[in-house]
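Following: one structure in structure tokens, then a few remarks.
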Amino acid sequence: MTASTATLLISCPDQKGLVAKIANFIYSNGGNIIHADQHTDFAAGLFLTRIEWQLDGFNLPRELIGPAFNAIAQPLQAKWQLHFCDTTPRIAIWVSQQDHCLVDLLWRQQAREFSADIPLIISNHPNLKAVGEQFGADFHYIPITKENKAEQEAKQLELLHQYNIDLVILAKYMQVLSQEFIAKFPQIINIHHSFLPAFAGAKPYHKAHERGVKIIGATAHYVTPELDAGPIIEQDVVRVSHRDSVADLIRKGKDLERVVLARAVRLHLRHQVLVYSNRTVVFA
């Protein structure tokens with residue numbers, strides 16, 4: 001689709017007439033709705049929706065859409081986001097020493113599987129600098145210790161502002177971000193194996209192999225101050241058997257991590273994820 005579109009993500013207390021009010025806002029301004037999806041969480045009493053419409057022929061200029069919709073949203077006690085499909089987000093990928101998720105994301109971006117710029121890679125190890133150079137991204141080596149963590153996170157935050165970064169992806173970045181950092185830059189997606197909490201810590205695949213697991217998995221989620229407990233965007237699993245070695249589990253786990261992270265990033269960039277409480281609605 002080449003035509004420019006706008007997307008609203010909305011959550012508000014459930015009540016009658018919400019679909020009509022939102023659709024009428026678009027219709028009355030000459031818009032043509034091309035995607036609409038909704039969900040009602042009856043337990044929370046919330047209505048959640050994603051609605052996308054063409055901007056060709058829409059009567060309101062872009063800078064006035066938000067203020068105009070806010071006049072409708074306020075009486076509904078609605079939380080909302082407005083996005084435009086032709087705005088190109090800027091991503092920073094953070095990585096330690098494992099390269100599988102990093103290379104996969106860079107390749108997918110180069111193949112235009114998702115629309116984003118990746119100008120910046122940050123790592124606490126120098127090993128993957130050549131990968132960044134190969135794909136035209138600036139690589140910054142920022143080692144982290146307990147003693148220098150606050151100072152180095154300040155440098156990381158400065159780089160994010162310098163490069164106008166919209167989203168950070170932790171592509172097997174083996175460091176825990178501080179609560180202070182997350183408060184200053186909350187748009188972060190992480191990928192990890194799905195053995196938590198049963199196989200937390202070092203060498204999870206070795207521990208899983210010792211227990212004779214039959215399924216391994218991967219989870220992509222937004223980062224929150226509570227470690228590995230943020231709203232989940234995407235998950236997947238694959239079966240394993242007694243014939244699989246530790247190396248087999250690692251290989252299969254890496255494959256899952258690549259795919260799950262790529263799906264999560266694409267869903268986020270297409271504005272198909274709506275976060276509420278500590279969970280998500282992922283619209284088709």
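When a residue number appears, it is its place in the shown sequence, counting from 1. This structure is a prediction, so every number in the text was calculated from the model and none was measured.
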For the hydrophobic clusters of this structure (ILVMFWY residues joined by side-chain heavy atoms under 4.5 Å, transitively), does one cluster hold both [X] and [Y]?
X      : Y      : value
Val259 : Val265 : no
Tyr276 : Leu8   : no
Phe139 : Leu159 : no
Leu269 : Leu9   : no

Between [X] and [Y], what is the shortest heavy-atom contact and its length?
X      : Y      : answer
Ala262 : Asp104 : CB-OD2, 3.9 Å
Val213 : Ile216 : CG2-CG2, 3.9 Å
Asp37  : Ala284 : OD2-N, 3.5 Å
Ser96  : Leu128 : O-CD1, 3.8 Å

Legend entry - Gln110 and Phe135: CA distance, side-chain angles, deciding distance, side-chain contact (heavy atoms from CB on, under 4.5 Å) verdict: CA-CA 8 Å; Gln110 190 175 79; Phe135 285 89; 3.8 Å; yes
Are side-chain heavy atoms of [X] and [Y] found at a separation under 4.5 Å?
X      : Y      : answer
Leu105 : Leu261 : yes
Ile65  : Leu55  : yes
Gln81  : Ile10  : no
Leu177 : Glu153 : yes
Ile191 : Val260 : yes
Ile22  : Ile51  : yes
Thr7   : Leu82  : no
Asp117 : Tyr163 : no

Legend entry - Modelled atom types, side-chain donor and acceptor of Gln54 and Thr5, under 3.5 Å: no
Inset, instruction - Report the residue from Glu257, Gln98, Gln97 that forms a side-chain hydrogen bond (donor to acceptor under 3.5 Å, both in side chains) with Lys172. - result: Glu257
Legend entry - Reference residue His268; test side chain to side chain contact (heavy atoms under 4.5 Å, CB included); the match among Val282, Ile91, Asp166, Leu167: Leu167
Legend entry - Residue that, paired with Tyr173, satisfies side chain to side chain contact (heavy atoms under 4.5 Å, CB included) out of Asn124, Leu102, Ile188, Val95: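 Going through Asn124, Leu102, Ile188, Val95 one by one, the side chain to side chain contact (heavy atoms under 4.5 Å, CB included) with Tyr173 is satisfied by Asn124 alone.
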Extract all donor-acceptor atom pairs below 3.5 Å that involve side chains of residues 68-78 and protein atoms in other chains or at least two apart in sequence.
from	atom 1	to	atom 2	distance (Å)
Asn70	OD1	Trp80	NE1	3.2

Inset, instruction - With sequence neighbours excluded, tell me which residues meet ring-ring contact (aromatic ring centres under 6.0 Å, His included) with Phe114. - result: none
Inset, instruction - Decide yes or no on salt bridge (charged side-chain N to carboxylate O under 4.0 Å, His left out) for Asp86 and Arg62, but give the supporting numbers first. - result: CA-CA 12 Å; Asp86 51 8; Arg62 295 188 185 203; 2.7 Å; yes
Legend entry - Asn29 side chain to Phe25 backbone, donor-acceptor under 3.5 Å: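 Yes; at least one donor-acceptor contact below 3.5 Å.
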Inset, instruction - Carefully, step by step, assess Asn190 and Tyr222 under the rule side chain to side chain donor-acceptor pair (under 3.5 Å). - result: CA-CA 6 Å; Asn190 186 36; Tyr222 291 113; over 6 Å; no
Inset, instruction - Sort out for me which residue in Phe84, Phe58, Tyr27 forms a ring-ring contact (aromatic ring centres under 6.0 Å, His included) with Trp53. - result: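 Of all the options given, the one that passes is Phe58.
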